[in-house]
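The sequence lines fix the lettering, A, B, ..., with proteins before strands; numbering per chain opens at 1. Keep in mind that this is a model prediction, so the values were computed, not measured.
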There are 2 protein chains.
Amino acid sequence: MKLIPTQIKTKKHFDTFLVSKGFKKTRQRDIIAEIFFNGPHHHYRIEEILEHARKLDASISYATVYRTMMMFVEIGFAQQRQFGKGQSLFEVQGRHHHDHLICTQCKKIIEFENETIEKLQAQVAKRHGFKMTHHKMELYGTCVSCQK
Amino acid sequence: MKLIPTQIKTKKHFDTFLVSKGFKKTRQRDIIAEIFFNGPHHHYRIEEILEHARKLDASISYATVYRTMMMFVEIGFAQQRQFGKGQSLFEVQGRHHHDHLICTQCKKIIEFENETIEKLQAQVAKRHGFKMTHHKMELYGTCVSCQK
DNA sequence: TTGTACATGCATATTATTTTCAAATAAAAT
DNA sequence: ATTTTATTTGAAAATAATATGCATGTACAA
Ligand SMILES: [Mn+2]
Ligand SMILES: [Mn+2]
Ligand SMILES: [Zn+2]
Ligand SMILES: [Zn+2]
């Protein structure tokens, strides 16, 4: 069993993708990709990308951010996640698989990996005859700072 | 460490609850509770309850089913779940804790428990200083029959 | 019975997402 | 550089799920 280390998707990859598939490089896509791929954290709402984008170009619309994020997902450059209710969050594709710890108070998100749990999940699926494609594991609670 | 076996909530409990809290016993609540607590499976959409309810009383409204299900959740008689997108599913509260295997093809839901995974999840949370309140674990894939 | 607070049904509001379409524009063709 | 064209955009509207306001109806206590 070998693991091909999945390449982390970057803005440069996206630029290349656009050209190679005959899509157009636009000011809007450039700004959105810059924020999404090189921004300070890993879990963006469409609204947050929009806010940041508008600081660079006040005319950018929600629809364009929406469509660009959907394109990222479509072409495998982003993962779309739903934690609880509320809006979807998007994160860059290609980093190591991980799950999430979520503070219900301050909404802080901590990523973690646990190989043992992953193996047990695969076992459970197999035991029920499932061909597992993916899973979702979220641990909810209060983070250290919110406990004070 | 002892476990007080949580009592499975029943329609009878609900009837008692209504009386004890001064809420009214109505034809609508009776029908909805009957379907929810004594129906043939464990994961109901509001729309499904509504359909069944209307066979017994054609005038029952979506709003009433909605509010009744919300009441069940509010008073701890139901759990509300969101698998992927789409509508919420509701299941009776008080059965043993479990997680879910979901067939992405036929939407079949299989429940499972895995004590080892639960312990490891608690460990992960603790290691990050989290006071974990609950978690969500869903394994997605194709079930036996859908693999043929 | 009758009074009244609670519950219901209908309509409408919210929230997040998705699509439509005329106008704008990137990139190819002159 | 100018024209052509197909793609992309922004604004608005459509959709989908959830949630609420309000006039009317009803359970149930008096
Ligand atoms: Mn993440
Ligand atoms: Mn279940
Ligand atoms: Zn916190
Ligand atoms: Zn299936």
Check this for me: does any side-chain nitrogen of one of B:Lys11 and B:Asp30 sit under 4.0 Å from a carboxylate oxygen of the other?
yes
Student check: side-chain heavy atoms of B:Ile117 and A:Gln121 closer than 4.5 Å:
yes
Would you indicate what B:Ile60 reaches in the nucleic acid, counting non-hydrogen atoms under 4.0 angstrom: base, sugar-phosphate, or nothing?
sugar-phosphate
Can you see if the side chain of A:Ser88 gets near the phosphate of C:dA16 - specifically, an N or O under 4.0 Å from OP1 or OP2?
no
Distance below 4.0 Å between B:Tyr66 side-chain N/O and D:dT18 OP1 or OP2:
no
Give the rounded distance in Å between these two atoms: CG of B:Leu50 and P of D:dT18.
13 Å
Does B:Lys24 make a side-chain donor-acceptor contact with the base of C:dA5, cut-off 3.5 Å?
yes
Ranking B:Met70 and B:Thr26 by the position along DNA chain D of their nearest nucleotide, the one closer to 5' is B:Met70
Pick the nucleotide of DNA chain C nearest each of A:Arg67 and B:Gly22; which residue has the one closer to the 5' end?
B:Gly22
Are B:Gln28 and C:dG9 close enough that a side-chain N or O sits under 4.0 Å from OP1 or OP2?
yes
What heavy-atom pair brings A:Ile35 and A:Ile49 nearest, and what distance separates the two atoms?
CD1-O, 3.8 Å
Any donor-acceptor pair under 3.5 Å linking the side-chain atoms of B:Glu111 with those of B:His96?
no
Please confirm whether the shortest side-chain N or O distance from B:Thr64 to OP1 or OP2 of C:dA7 is below 4.0 Å.
no
Between B:Ser59 and C:dG9, is there a contact of a side-chain N or O with OP1 or OP2 at under 4.0 Å?
yes
